[in-house]
Amino acid sequence: MKLWKRNAIAAAIVLFVCGAVYLNWSYSQDAAAGKNLGEAALVGSQNDPLVQKNGDDATAEGTTTEDGAKTQEDATQEGAAQSGTYFSTARLNRQQARDNALSLLQEAAEDEKADQNSVDQANAAIQTMADYTMTEAQIENLITAKGYTDCVAFLGEDSISVVVSAMENGMTDADAARIGEIVMEQTGLKADQIKIIEAE
């Protein structure tokens, strides 16, 4: 009976890890073509496209057309609304998957009939999920603090995908390097384990 219980817990953990990997892959496929950080070159702050972009925005904003066509500012706001919906949905789906996994793991950890090894495995998986959640939130906050509109991170055991909101002139190698540096500091992952994707 104990062996069956331990195998059931191990199978549940594997199932939820596979689910998380699938969600990660699914979001990666739904987003625009991404940049692998390993392909990006690090650049100095004097070449920072975000600083240059601020100056360009001042001239672009407020332009109108005589025939009432959509201005660039209107198009940007509409794109931001659609992008915001994607990020909200992605976060919600990620949280729901984690909540379901957490519920099963907590049941396994609190089962009085489970042996100590099964309880320890369930508690370790719960701690890992909590660490992933905290790390993803830190990465998302630090990236938006750098001036990007929104982002969502999907951390796995040995890789991470970060989806960033669409940028006016597209994501550059400098953007990928800046985001990748944040991810490496927070996770300890290497450049080739990081995938950065620009949402459409």
Side-chain angles (χ1 to χ4, degrees), residues 9-31 34-38 40 42 50 80 83-111 114 116-167 171 175-199:
I9 292 170
I13 291 169
V14 169
L15 177 67
F16 289 115
V17 169
C18 290
V21 169
Y22 171 76
L23 284 174
N24 189 1
W25 175 83
S26 176
Y27 289 128
S28 297
Q29 296 302 312
D30 290 343
K35 285 187 180 282
N36 284 325
L37 182 60
L42 294 175
L50 290 179
S83 177
T85 301
Y86 164 76
F87 290 104
S88 298
T89 302
R91 284 193 190 94
L92 179 62
N93 290 341
R94 182 183 66 187
Q95 189 58 46
Q96 286 174 340
R98 290 242 171 100
D99 287 346
N100 290 337
L102 185 60
S103 175
L104 289 174
L105 289 169
Q106 286 174 333
E107 285 179 21
E110 294 168 1
D111 187 351
Q116 190 58 45
N117 187 38
S118 298
V119 171
D120 291 344
Q121 286 179 351
N123 285 329
I126 291 169
Q127 183 60 50
T128 298
M129 287 174 53
D131 292 344
Y132 283 4
T133 301
M134 181 75 88
T135 302
E136 287 166 346
Q138 289 172 338
I139 289 168
E140 291 166 6
N141 289 334
L142 290 170
I143 290 173
T144 54
K146 286 287 188 182
Y148 298 94
T149 305
D150 205 349
C151 72
V152 63
F154 302 99
L155 181 58
E157 186 177 346
D158 57 0
S159 66
I160 187 170
S161 294
V162 180
V163 183
V164 184
S165 56
M167 300 169 207
M171 182 166 51
D175 292 315
R178 188 178 301 107
I179 293 165
E181 187 177 345
I182 291 169
V183 173
M184 286 188 284
E185 286 175 0
Q186 296 300 314
T187 63
L189 293 172
K190 297 177 183 177
D192 61 358
Q193 297 172 298
I194 301 168
K195 184 162 183 97
I196 300 168
I197 302 160
E198 183 180 13

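Worth saying up front: this structure is predicted, and the values here are computed from it rather than measured.
Closest of all the heavy-atom pairs between Ala176 and Ile196 is O-CD1, 3.2 Å. The two residues Thr144 and Asp150 make their nearest non-hydrogen contact at CG2-CA, 3.9 Å. In this structure, Val164 and Cys151 approach most closely via the heavy-atom pair CA-CB, 4.1 Å. Closest approach of Ala114 and Ala108 over heavy atoms only: CB-O, 4.0 Å. Nearest heavy atoms, Phe87 versus Val163: CE2-O, 3.2 Å.
Among residues at least two apart or in separate chains, there is no salt bridge (charged side-chain N to carboxylate O under 4.0 Å, His left out) pair with a member in residues 158-167. For the salt bridge (charged side-chain N to carboxylate O under 4.0 Å, His left out) condition, the pairs that include at least one residue of residues 128-139, sequence neighbours left out, are Arg94-Glu136, Arg98-Glu136.
Annotation: side-chain hydrogen bond (donor to acceptor under 3.5 Å, both in side chains) contacts of Gln95 (sequence neighbours excluded): Asp99.
Remark: side-chain polar atoms of Asp111 are not paired, donor with acceptor, to backbone N or O of Glu107 under 3.5 angstrom.
For the atom pair Tyr148 OH and Met171 CE, the distance stands at 8.5 Å (nearest 0.5 Å). Atom CD1 of residue Ile179 and atom CD1 of residue Ile194 lie 10.5 Å apart, to the nearest 0.5 angstrom. Remark: Phe154 CZ to Arg91 CZ distance equals 8.5 Å, nearest 0.5 Å. Atom CG of residue Leu105 and atom OG1 of residue Thr128 lie 9.5 Å apart, to the nearest 0.5 angstrom. With rounding to the nearest 0.5 Å, the separation of CD in Gln186 from CE in Met134 is 11.0 Å. Between the CG atom in Asn123 and the CD atom in Glu110 there is a gap of 9.0 Å [rounded to 0.5 Å].
The closest side-chain heavy-atom distance from Met129 to Ile126 is not below 4.5 Å.
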*Show your working on side-chain contact (heavy atoms from CB on, under 4.5 Å) between Gln193 and Ile160 and close with a plain yes or no.*
CA-CA 7 Å; Gln193 297 172 298; Ile160 187 170; over 6 Å; no
*Start with the C-alpha distance between Thr89 and Asn93, add both sets of side-chain angles, then the distance that settles side-chain contact (heavy atoms from CB on, under 4.5 Å), and finish with yes or no.*
CA-CA 6 Å; Thr89 302; Asn93 290 341; 3.6 Å; yes
